[in-house]
Q: 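Take a look at this one; I'll ask things after.
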Amino acid sequence: MNRREVIYAAVFSVASFGVAAAMSLSLSLYALSVFLDPILTLTIPLIIISVGIQAINQKNGPLLVGIISAVLYAIFSLFFLTVSFLIAGIIVEMVSRILGYRGLKAVMVNTTLAGGLVGVLSVVFGFLFLGLPKGITDLAILTALFSLVYFTESAVMGVISHYLGKFLLRSGVMK
Amino acid sequence: MKWKVPYILVYSVMVIYSSFISFPLWSLLVSLIPIMQRRGIVGGEVLAVFLSFFMLSRTEHLYIYPYVVRAFTFLNLFFASSEHLDIISLLDIGGEKALPLVVTMVYFPLFYQIAAQVFFYRRARRKPFSPLKLSRPILVEVVKVAENLYRAYTVKLYGNLKKDAKLTPSRDDLVPLALGVVALCLSYLLPISVAGLS
């Protein structure tokens with residue numbers, strides 16, 4: 001873990017958080033959109049995190065992005081997102097040790113895993129955190145439905161972020 | 001009024017715990033106190049709580065109501081911490097390891113502003129929502145900020161940060177502690193149990 005990795009991970013995590021806040025029109029509505037509309041927060045914030053992993057291009061990069069995002073969400077009192085970011089960071093780190101960080105296949109798998117896991121886990125932990133209502137018994141069906149949507153959407157975002165990473169590399173912005 | 005990070009965490013945990021003891025009305029009221037300056041949010045929230053009570057009682061789903069109130073309590077915790085957070089106190093816990101995060105949080109308004117401008121122009125020109133096109137300017141800016149910050153950090157900010165933890169609460173930090181204790185005490189001593197709820 002060198003200094004470059006830590007700073008890049010911090011910048012991309014904060015940027016993702018800020019863009020997610022700006023997307024829901026104002027900072028005060030951001031927490032509402034976390035609860036109500038995770039589909040919107042899985043678009044551009046997810047692309048920023050994915051390009052961040054490509055930009056770091058080293059070991060422990062995904063883990064650091066996960067940890068720093070988790071700390072960021074913890075100090076803003078969104079504890080269920082903290083847990084899901086930690087778990088997603090560890091899993092993406094393990095997968096990316098095998099597959100690498102750049103190239104269509106690696107980016108797609110990393111982004112799909114990151115976005116899908118964060119989406120599904122935030123729904124599950126959000127429900128657990130609120131306490132399960134007695135009326136809702138078919139949580140498994142609901143989770144399966146949500147996970148289908150999240151993983152499909154994250155796969156599309158993976159393709160897009162591969163093209164964006166290639167664009168940034170060719171134009172010389174990213175090294 | 002700025003609160004240090006550990007006290008915000010203690011306050012959130014206390015309010016969350018108190019919302020599970022009984023019907024979470026006390027914790028909702030206590031969590032509304034730190035965001036009193038934001039009149040619009042408070043007014044809208046009170047209106048939403050009343051409206052959801054009437055709607056749920058009309059449709060006979062009143063057993064969901066405690067979860068609705070608890071969700072609003074958690075929202076209030078987010079608002080309170082984004083209003084009163086003293087990010088520099090993160091250095092007291094993490095030492096030099098927390099420095100990159102603290103330095104990067106300075107750029108948070110910049111990222112927020114760039115993204116808000118991009119989305120504003122999209123709406124003004126009535127372009128469709130395309131993540132590929134919209135994220136390009138944001139990404140270029142973010143990569144530039146990361147490079148510049150790395151350079152600046154290497155050249156200027158390098159050095160050993162002496163870690164002397166200033167964790168003793170200041171006068172402002174007593175407010176979240178007191179509020180958390182009040183929430184716990186009220187929900188232990190005067191538990192609200194409404195027939196038909198919970």
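Every chain is numbered from 1, with letters handed out A, B, ... down the list of sequences. The figures here come from the full heavy-atom set of this structure, side chains too, leaving out hydrogens, waters and symmetry mates.
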Q: Select one option (side chain, backbone, both, neither) describing which atoms of Leu132(B) are under 4.5 Å from chain A's heavy atoms.
A: both
Q: Does some side-chain heavy atom of Ile138(B) sit less than 4.5 Å from a side-chain heavy atom of Ile48(A)?
A: yes
Q: Non-hydrogen atoms of chain A under 4.5 Å away: do they reach the side chain of Phe20(B), the backbone, both or neither?
A: side chain
Q: Please tabulate, one pair per line, all N/O donor-acceptor pairs under 3.5 Å involving side-chain atoms of residues 102-119 of chain A, not counting sequence neighbours.
A:
{"from": "Arg102(A)", "atom 1": "NE", "to": "Gln54(A)", "atom 2": "O", "distance (Å)": "2.9"}
{"from": "Arg102(A)", "atom 1": "NH2", "to": "Gln54(A)", "atom 2": "O", "distance (Å)": "3.0"}
{"from": "Arg102(A)", "atom 1": "NH2", "to": "Lys175(A)", "atom 2": "O", "distance (Å)": "3.1"}
{"from": "Asn110(A)", "atom 1": "ND2", "to": "Ala106(A)", "atom 2": "O", "distance (Å)": "3.4"}
{"from": "Thr111(A)", "atom 1": "OG1", "to": "Ser50(A)", "atom 2": "OG", "distance (Å)": "3.0"}
{"from": "Thr111(A)", "atom 1": "OG1", "to": "Val107(A)", "atom 2": "O", "distance (Å)": "2.6"}
{"from": "Thr112(A)", "atom 1": "OG1", "to": "Met108(A)", "atom 2": "O", "distance (Å)": "2.5"}

Q: For Phe129(B), is it the side chain, the backbone, both, or neither that has a heavy atom closer than 4.5 Å to a heavy atom of chain A?
A: side chain
Q: Answer yes or no: is there a side-chain heavy-atom contact under 4.5 Å between Leu72(A) and Met105(B)?
A: yes
Q: Between Ile16(B) and chain A, with a heavy-atom cut-off of 4.5 Å, which part of the residue counts as in contact: side chain, backbone, both or neither?
A: side chain
Q: With a 4.5 Å cut-off on heavy-atom pairs, point out which of Ile44(A), Val6(A), Ile47(A) contacts chain B the most.
A: Ile44(A)
Q: What pairs with Arg122(B) under salt bridge (Lys or Arg N to Asp or Glu O under 4.0 Å), at least two apart in sequence or on another chain?
A: none
Q: Between Val14(A) and Tyr107(B), is there a side-chain heavy-atom distance shorter than 4.5 Å?
A: no
Q: Out of curiosity, Ile160(A) CD1 to Arg136(B) CZ, how far, rounded to the nearest 0.5 Å?
A: 10.5 Å
Q: Is the NZ or CZ atom of Arg3(A) both under 6.0 Å from the centre of the six-membered ring of Tyr153(B) and within 45° of that ring's axis?
A: no
Q: Are Phe80(A) and Phe74(B), when compared by the centres of their aromatic rings, separated by less than 6.0 Å?
A: no
Q: Go through the atoms of Ala15(A) and report whether side chain, backbone, both or neither lie under 4.5 Å from a heavy atom of chain B.
A: both
Q: Measuring only between side-chain heavy atoms, which start at C-beta, is Val143(B) closer than 4.5 Å to Phe12(A)?
A: yes
Q: Would you say Ile87(B) and Ile75(A) make side-chain contact, with heavy atoms under 4.5 Å?
A: yes
